[in-house]
Structures are given as structure tokens and as C-alpha cells.
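Heavy-atom basis, side chains included; hydrogens, waters and symmetry copies ignored. We name chains A, B, ... by the order of the sequence lines, and we start the count at 1 in each one.
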There are 2 protein chains.
Amino acid sequence: MPRRNARERMLQAAQAVVTRIGAAHMTLDHVSATAGVSKGGLLYHFPTKEALIQALIENYIANFHVAISRELARQPKGTLREIKAHIVAGAKRDAKTRRLGAALLLAAAHDPKLLAPARMEFKRVFRRYDGVGKNSERAAEIALVCDGLHILELLGLMPYDNRRRAKMIRHMLRLVDIYEGDSAKSGGTCDGPSLKA
Amino acid sequence: MPRRNARERMLQAAQAVVTRIGAAHMTLDHVSATAGVSKGGLLYHFPTKEALIQALIENYIANFHVAISRELARQPKGTLREIKAHIVAGAKRDAKTRRLGAALLLAAAHDPKLLAPARMEFKRVFRRYDGVGKNSERAAEIALVCDGLHILELLGLMPYDNRRRAKMIRHMLRLVDIYEGDSAKSGGTCDGPSLKA
DNA sequence: GTCTATATCAAGATAGAC
DNA sequence: GTCTATCTTGATATAGAC
């Protein structure tokens, strides 16, 4: 009987361990104990520790995509509603999820290849932002603000409190709106004025 | 004889190793061999591997400050010249330095405490950006764009080529100018040529 | 096919010799 | 201050039990 659950259970256990003590301190013994299997059993499903972390990262990104889809349904019509959904979904991640993301990001230290999915994700996002409007620097600016916030928060480097953060999120959404409006106007230049708050 | 050089030599060796193969794959054996001492000798100066990495990180940040100071001397007068110097210095780091920074950042996976210096650095930067002007979201926006670019590049997540990147840097400097101009509520002293996209 | 038990090997850390 | 010898832990590899 190929128990589909076993693999899933091990992934969940790994996720729990990583969230609790970080990917760097996660050991195979720890995960297998949490999952209720032997180390060998774990290694049967994930031949190396890296494979396990890789699976966690893919899982994390997939979950994020689900969250974005959920937000997308709530966004009003608009060319860039997908981007806004991205921002809101990112803003809504809870502390536990963020901790998991940070741990996984840092786990890539052992193999830059592990960042490949993330790299693809960024490529996709930047292309998406770039594809709309005429001022691609402005677009990149928005992309960088969003993803900069995202990553700085993951790493715990963002010195904002909740109130400040909420204001910043609103500001970002406004940026998208303005950019969307500018892009829609055929003759409109994208410099300065419309960005003044 | 307390050889001041010994510690320094070991630090240099560690830096070389990290730059070459990454902090995760750096072993004490490797470093001690490169430095020409035994593992025990190395561990006398740096009681743990983490202590060694910590020293490398502090060294890295100190070097970055030196680079900023150098750029500061080249910047024309202006309220936010320090910020522009920061941007330019960040943009100018060579590949080797970037690789080192990335490795050190990722090394923090083993202990979030290692990120403490970086955290302090960001706090300082954001406060500096925040202190000038009235629109603090706008200021934060600039800060996030700069540091977002910085970190995404360190992690190799930035999908830009050199030309695109240069344009983005110029755009960022222009953002600072615009913000400075808005804050001063005067004509805005933009330094012409270097800011054209 | 799925797992347990056990073996191996690398690398961080410690103790004490010099 | 620095080295050698040794301990320990954790990641893999292997041998088979069910």
C-alpha cells in the first residue's frame, strides 16, 4: 500500500519543526521523530535533507499562490488587480508563515539551487509588472517596493510596527492604482506629479 | 607573543573561503588550512564557527560604511546626499563583494542573532529616510526600493541585466531628488546630467 | 514498495599537552 | 597561544524485515 499520507505527514512534520526551530537547526532525526517514523523511513521519501527542504519551499510557494488566488477574487476589476492581490496576500501572511518562509529562504544557503523556484517567481512578477504601462522604471519601482518589503520582513529586518506597516501597504496599493491610471492614459507622462500624495 | 596578525590572517582566510565556496560549505578545517594554522588554533581566536561568521559580518558592514563615506565625498551638497551615497555605494559593489554579502546573509540561517548588526543598520537607514520631509510613506518607499534591490541582488533573485540595473539606479537617485525637492518646497536642486534616465 | 536498524563518515567542539 | 587527540552529533548509505 503506497500510503500517500506518509509523505504528506513527513512534510507537515518538517514544516512544524522548521517553523519552530528554523531550517538550520532542523535535523532529520528531529523530523522523523515528529513524524513518527525512523530516519530511514524519512530518507526513503526524501533522499537528502536538501530534497526535503526543496519540497517545503515548493509547498510554501504553492500555498502563497493559493492565497493570491483567494485575494484575487476579492479585488475589483482592473488591469493590475493581480498585483494588488499579490500585495494584499503578502501583507496578510501570519507570523508563523513568515517564520517558515524566512527559514526556507535562509536554508537555501546550503544550495543556491534551492532558490531556483523563488528566482522563477521573481522573474514572473517583474515581467508582469513590466508588461503594463510605458514607464518601466516606475513599474520596477513598485515591484521592488513590494518585494523589498516582503523579503525584509521575512528576514526580520523591517523595523516597522503594525500601524506603520499598514500605512505602507495602503501606500503601495495606491502606487499601483496611480501607475494603472497613468498607463491607461495614452498621452500621459508618468513622471512625478501624479505620485504626489 | 600576542600576534595581532594571527586573528587578522584567520579572518582573511575565512573571507576568502566564504567568497569562494559560500558560508554554508565553509568548514573550520578549510579555514584553518588556508590560514596555515590548526583547527584548534583557529578555535582559540574564534571559539565557535558562528563567532567567526559574526566577525565576518561585522567586517563586511564596516567595509560598506567605508565605501559609503568615500561616495559621500563625491556627492554634491544636499539634505539627502548621504542616502544617495548609500545608493551609489551599494550599486558599485563588485561581484566578489556581493557574493560575500550573500553568503554572510545566508549564514545567518544558523542563528538569527547574527542578523542583529544588519537589523541595526536597517533601523538606522529607515530612520534617516524618515527624518526628512513630510510624506513618510514616500520616504519609506524610497528606502524599500533601495534596500529591496540591495537584498534581492545579494540573494541572486534580481532578474535584471546590467543595463536595466543602471537605469534603475538612476531612477532611484532621481526619486531621492524629487523627494528632497518636495520636502524643501523650493525649486528643487536636481543635479542635471547624472539623473537623466 | 515501505520501513527499521545499523554503519559510516564528515565536521564542530573540548581537553589537555607543549 | 597553538597543537594533537578525542568526543559527539548529524547526514547519508546499506542490509535486510515486513
Expressed as a whole number of angstroms, how long is the span from [X]:[atom1] to [N]:[atom2]?
X	N	atom1	atom2	result
B:E50	C:dG12	CD	P	12 Å
A:R9	C:dT2	CZ	C1'	12 Å
A:H25	D:dG10	NE2	P	10 Å
B:F46	C:dT14	CZ	P	16 Å
A:L43	D:dA15	CG	P	15 Å

Please list, pair by pair, any protein nitrogen or oxygen found under 3.5 Å from a nitrogen or oxygen in nucleotides 16-18 of chain C.
none

TODO: Please say whether more than 12 non-hydrogen atoms of neighbouring residues, nucleotides or ligands are located less than 6.0 Å from CG in B:D94.
DONE: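 Yes, CG of B:D94 has more than 12 neighbouring heavy atoms, counting only those of other groups under 6.0 Å.
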Can you name the residues that form a side chain to side chain contact (heavy atoms under 4.5 Å, CB included) with A:S38, not counting sequence neighbours?
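Counting only residues at least two positions away or on another chain, A:S38 forms no side chain to side chain contact (heavy atoms under 4.5 Å, CB included).
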(message) Using the ring centroid of each side chain, check whether B:H86 and B:F64 are separated by less than 6.0 Å.
(response)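 Yes, close enough.
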D:dT2, OP1 or OP2 - any side-chain N/O from B:H45 closer than 4.0 Å?
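For B:H45, the contact criterion (side-chain N or O under 4.0 Å from OP1 or OP2 of D:dT2) is met.
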Task: Residue-phosphate contact under 4.0 Å: A:H30 side-chain N/O, D:dG10 OP1/OP2 - done: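 For D:dG10, OP1/OP2 do not have a side-chain N/O of A:H30 under 4.0 Å.
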Legend entry - Salt-bridge contact B:R174-A:E137 (side-chain N to carboxylate O under 4.0 Å):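 No salt bridge links B:R174 with A:E137.
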| said: Strictly below 4.0 Å, N to O, side chains only: are A:E71 and A:K92 in salt-bridge contact? | reply: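 The answer is yes: the pair qualifies as a salt bridge.
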Evaluate salt bridge (charged side-chain N to carboxylate O under 4.0 Å, His left out) for B:R124 paired with B:E82, printing each intermediate quantity in order.
-> CA-CA 12 Å; B:R124 198 185 65 83; B:E82 187 192 323; 3.6 Å; yes
request  = Tell me what B:L28 touches on the nucleic acid: a base, only sugar-phosphate, or nothing, going by heavy atoms under 4.0 Å.
outcome  =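 The answer is sugar-phosphate, as B:L28 gets under 4.0 Å only of primed atoms, P, OP1 or OP2.
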Need one value for A:M26: base, sugar-phosphate or nothing, where a base atom within 4.0 Å counts as base even if backbone is also close, heavy atoms only.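 It contacts sugar-phosphate atoms only.
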Dump every N/O contact between nucleotides 4-10 of chain C and the protein below 3.5 Å, one line per pair.
from: C:dT4; atom 1: OP2; to: A:S38; atom 2: N; distance (Å): 2.6
from: C:dT4; atom 1: OP2; to: A:S38; atom 2: OG; distance (Å): 2.4

*Checking A:R81 side chain against A:L72 main chain: does a donor-acceptor pair fall under 3.5 Å?*
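Yes, A:R81 side chain to A:L72 backbone: donor-acceptor pair under 3.5 Å.
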Is a side-chain donor-acceptor pair under 3.5 Å present for A:R9 with A:H45?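 The answer is no; no qualifying pair exists.
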Pair B:E50, B:K113 - check salt bridge (charged side-chain N to carboxylate O under 4.0 Å, His left out), show working.
CA-CA 10 Å; B:E50 273 183 18; B:K113 285 189 183 85; over 6 Å; no
